There are 4 protein chains.
Amino acid sequence: MARITKTPEERRLEIVQTAERLFREVGFTKCSVDMIIRDIGVSKGTFYYYFKSKEEILEAIVDRTLVQIVEMAEQVADAPSLDALTKMQMLLSDSHIGDDDTHDIAEMLHMPENRELHEITNIQSVMRLSPILAKIVEQGNLEGVFSAGQPLETVQFLLTGSQFLLDGRLFAFSEQEVHDRRVVAQQIIEKSLGAKPGSFDFMNPNPMEGK
Amino acid sequence: MARITKTPEERRLEIVQTAERLFREVGFTKCSVDMIIRDIGVSKGTFYYYFKSKEEILEAIVDRTLVQIVEMAEQVADAPSLDALTKMQMLLSDSHIGDDDTHDIAEMLHMPENRELHEITNIQSVMRLSPILAKIVEQGNLEGVFSAGQPLETVQFLLTGSQFLLDGRLFAFSEQEVHDRRVVAQQIIEKSLGAKPGSFDFMNPNPMEGK
Amino acid sequence: MARITKTPEERRLEIVQTAERLFREVGFTKCSVDMIIRDIGVSKGTFYYYFKSKEEILEAIVDRTLVQIVEMAEQVADAPSLDALTKMQMLLSDSHIGDDDTHDIAEMLHMPENRELHEITNIQSVMRLSPILAKIVEQGNLEGVFSAGQPLETVQFLLTGSQFLLDGRLFAFSEQEVHDRRVVAQQIIEKSLGAKPGSFDFMNPNPMEGK
Amino acid sequence: MARITKTPEERRLEIVQTAERLFREVGFTKCSVDMIIRDIGVSKGTFYYYFKSKEEILEAIVDRTLVQIVEMAEQVADAPSLDALTKMQMLLSDSHIGDDDTHDIAEMLHMPENRELHEITNIQSVMRLSPILAKIVEQGNLEGVFSAGQPLETVQFLLTGSQFLLDGRLFAFSEQEVHDRRVVAQQIIEKSLGAKPGSFDFMNPNPMEGK
DNA sequence: GATGAATGAGAATTCATTCAT
DNA sequence: TATGAATGAATTCTCATTCAT
């Protein structure tokens with residue numbers, strides 16, 4: 001095979017991205033190192049030059065994903081011009097996702113063939129997002145729009161429920177079924193946070209309406 | 001090895017039970033067919049005479065587990081002498097353990113080394129338990145102890161949140177942390193079902209009290 | 001590959017013998033499991049069905065060799081009709097080796113490419129032969145032909161010297177050089193055991209004489 | 001990494017010394033080129049600029065070691081003021097340690113993880129030391145303290161026995177066992193060289209005495 | 001002289017599955 | 001029904017060596 005040298009950053013990224021895609025497509029266990037290197041057109045030695053085990057690249061991918069999610073969440077949480085209700089809405093709904101990259105992340109978290117990556121990331125994202133959301137709940141408590149004790153624990157329950165249930169793929173729900181659960185989730189969130197009924201209404205425009 | 005003939009039913013059950021135990025102890029992927037047959041003292045050929053693949057026995061186990069869970073839940077749900085609140089408490093708390101075989105729902109679903117089996121069963125159990133719980137919610141609505149719209153969807157959200165979050169192992173929570181989340185979960189359930197605050201109080205005796 | 005079934009004993013022996021030959025020819029480290037199975041025409045699974053690691057087959061070979069050596073030595077040592085001097089002569093010289101099998105063992109112990117197997121076996125054979133030879137020394141002391149204190153330690157030193165030095169291959173000695181060292185070794189043995197000078201003379205017929 | 005230029009001699013020596021240390025610590029086979037260069041902080045390319053294979057550096061080390069041993073032995077052998085007995089004692093005992101670099105012959109040859117390097121060096125050192133020791137034996141014969149025919153062959157046998165047996169590690173002997181064999185070795189040496197019994201007595205102060 | 005990214009042929013081992021008896 | 005020897009593709013990982021810069 002021709003020797004193609006790239007900068008370490010390029011090569012590393014190339015490997016991470018390819019692995020990420022393949023892990024999503026076929027699952028971590030079923031995706032062999034061989035598949036990854038064949039896809040890139042690079043030698044086995046090169047793979048192990050950058051990552052010293054298959055586990056290590058998994059960690060790299062999970063970290064990378066979580067860093068993106070957390071960064072995004074922190075931007076929202078730290079925005080001084082937004083009120084707590086708006087922030088909460090932005091972070092709990094999917095409708096705020098603009099760019100493709102962030103959307104991919106959400107996609108990635110819920111792939112069917114992707115149990116391992118999925119579960120690890122899921123749990124981590126609950127753990128890392130919850131403190132950020134808890135701060136927003138506290139802000140909301142002060143602003144008078146929420147009235148919730150135990151913000152961290154509350155938010156963790158709501159996040160967990162949302163993450164797992166609202167993923168159409170995981171539970172094999174139809175679009176309409178997902179929508180129905182989204183509406184209910186919103187009501188539960190409102191009740192749990194002590195928000196005024198209907199505060200999160202616009203989070204769930206009926207996707208069937210225009211059809 | 002001596003050839004020991006058993007009735008097909010006995011043999012089949014023996015294999016399923018052993019596999020189930022081992023899958024829970026070491027996980028599905030890490031448990032080889034060899035481990036199973038060595039444990040029983042049966043030959044490779046026998047295993048493949050009863051199940052044509054390792055996947056097939058997994059399905060058999062998941063089915064078996066869910067049948068048990070659902071049966072137990074239906075017994076509770078159909079008990080004419082119990083009110084909705086009591087039924088709900090029995091099925092959502094840990095205190096309902098009856099016979100050794102069924103154990104506790106939560107326990108059953110959240111074994112440590114047991115991600116694979118666990119996740120498959122988890123989702124299925126949310127799907128199959130939710131109609132039963134939804135019926136109880138409807139009963140509760142009639143009895144006036146609950147006041148919840150969309151019982152099925154509501155119950156699915158609450159089950160999902162409870163299942164995943166309240167497993168200390170999955171999120172690596174300490175006993176105290178699990179307890180704190182249990183208390184919060186109970187409050188969210190009350191609010192979501194429109195139950196009187198404190199209805200489920202006895203579900204969470206503080207495990208730290210005597211210490 | 002055609003499936004050829006043999007009795008476990010046949011198959012096991014086939015593998016051990018092939019491995020033994022190849023370890024001798026190319027050395028333990030350089031001989032891959034692939035080489036062995038290719039040579040036999042058997043699958044990798046079969047190899048690992050009989051031996052659970054490459055190390056394990058090495059042990060099996062070493063054990064097998066040592067058992068043969070020790071058996072032979074014990075037969076000599078326990079012969080009631082022989083005096084100590086004769087026994088000593090038989091076990092310390094190479095000239096007693098009759099059958100091809102035992103000769104192979106000696107060959108095997110000193111192959112050039114065969115460091116690992118060689119060293120392990122060498123040391124083991126000093127350790128296992130020395131108690132047998134020590135008993136003969138004691139017999140000799142009683143018979144008045146020897147007069148040696150510390151029989152075990154003495155014998156170990158003499159065995160070690162003989163094993164390593166008198167192997168023409170290890171030190172790359174010519175036939176004549178080996179003969180010269182054999183003569184000297186014999187004198188050292190005589191002095192060390194307190195035997196009469198010349199007692200072991202016939203051990204070393206000059207190999208150059210008839211040429 | 002910063003490019004640090006050294007004189008070729010310095011660089012070469014640095015590599016040889018590091019490799020030597022690591023080969024001793026972990027063994028030749030188990031010590032990868034990567035370990036060596038990482039330890040020095042030099043690049044792969046640099047290593048292969050100075051040595052064209054891993055084997056080549058092994059040879060360099062063995063040569064270097066033997067040169068040191070031989071030099072030291074020759075210094076002793078050529079000392080005009082010393083008698084043969086003293087010289088012999090110095091070279092066969094452990095008590096002659098002078099400078100840090102040369103250490104003790106025995107020590108040097110019998111490092112623990114060091115089978116490969118060890119065996120290669122062992123045989124070479126018997127071959128190269130024996131002529132020097134043989135000369136001392138001849139001097140001793142003239143001085144009347146020894147009375148040994150075939151000095152070269154005799155010395156080779158004694159060196160071989162001592163080298164291999166008296167290494168506690170190789171045979172896994174305890175300290176006491178090594179001591180016992182040392183005492184016996186000394187007696188065998190005396191007898192073989194025709195020295196007066198007890199000539200080498202002080203070679204083996206009982207290490208247990210003070211305990 | 002020096003760098004270090006890249007190579008790729010192997011290494012040992014695992015394991016679900018098959019099949020002759 | 002039952003056995004267990006046999007299969008072989010697949011897996012992760014190692015490491016001496018090369019070579020463009």
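Computed from a predicted model, the values in this text were never measured in an experiment. Note on naming: letters A, B, ... go to the chains in the order of the sequence lines (proteins, then strands), and numbering restarts at 1 for each one.
Looking only at distances, a side-chain donor or acceptor of K54(C) sits under 3.5 Å from a matching main-chain atom of F28(C). Distance alone, capped at 3.5 Å, is enough to place a donor-acceptor pair between the T65(B) side chain and the I61(B) backbone. In this structure a side-chain-to-backbone donor-acceptor pair under 3.5 Å is missing from E59(A) to E56(A).
Listed nucleotides: dT12(F), dA12(E), dT3(F). Nearest to the side chain of Y48(C): dA12(E). Checking dA2(F), dT3(E), dA11(E) against every side-chain atom of D34(C), the shortest atom distance belongs to dA11(E).
Across the interface with DNA chain E, nearest-nucleotide mapping of P8(A) and G45(C) shows P8(A) to be the residue nearer the 5′ end. The 5' end of DNA chain F is approached more closely, in terms of each residue's nearest nucleotide, by Y49(B) than by the other of K52(D) and Y49(B).
Counting distance only, with no hydrogens placed and no angle test, the side-chain atoms of K44(C) and the base atoms of dT14(E) include no donor-acceptor pair under 3.5 Å. A donor-acceptor contact under 3.5 Å is formed by the side chain of R3(A) with the base of dT18(F).
As rounded to whole Å, 18 Å separates atom P of dT14(E) from atom OH of Y50(C). Between K30(B) atom NZ and dT11(F) atom P the separation is 18 Å, expressed in whole Å. When the C1' atom of dT7(F) is taken as reference, atom CZ of R38(C) falls 17 Å away, rounded to whole Å. Across the protein-nucleic acid pair, I36(D) atom CD1 and dC15(F) atom P stand 12 Å apart, rounded to whole Å.
Within the shown strands, dA2(E) is the pairing partner of dT21(F) under the Watson-Crick or G-U definition, both distances less than 3.5 Å. Across all strands shown, dC15(E) pairs with dG8(F); the Watson-Crick or G-U wobble distances both stay below 3.5 Å.
A salt bridge is absent between R12(C) and E9(C): the closest approach of a Lys/Arg side-chain nitrogen to an acidic carboxylate oxygen does not fall below 4.0 angstrom.
In this structure, K54(C) reaches the sugar-phosphate backbone alone: every heavy-atom distance under 4.0 Å involves primed, P, OP1 or OP2 atoms, never a base. Among the protein residues, F51(B) comes within range of no part of the nucleic acid, since none of its heavy atoms lies under 4.0 Å from any strand. F47(D) comes within 4.0 angstrom of nothing in the nucleic acid, heavy atoms only. Note on T46(B): a base of the nucleic acid sits closer than 4.0 angstrom, heavy atoms only. Nucleic acid contact class of S53(C) (heavy atoms, under 4.0 Å, all strands): sugar-phosphate only.
Phosphate proximity of dA11(E) to S32(C): present, with a side-chain N or O under 4.0 Å from OP1 or OP2. Residue S43(B) places no side-chain N or O under 4.0 Å from the OP1 or OP2 atom of dA2(F).
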* Asked: So S125(C) and L66(C), side chain to side chain contact (heavy atoms under 4.5 Å, CB included) or not? Walk me through it.
  -> CA-CA 7 Å; S125(C) 79; L66(C) 288 169; 3.7 Å; yes

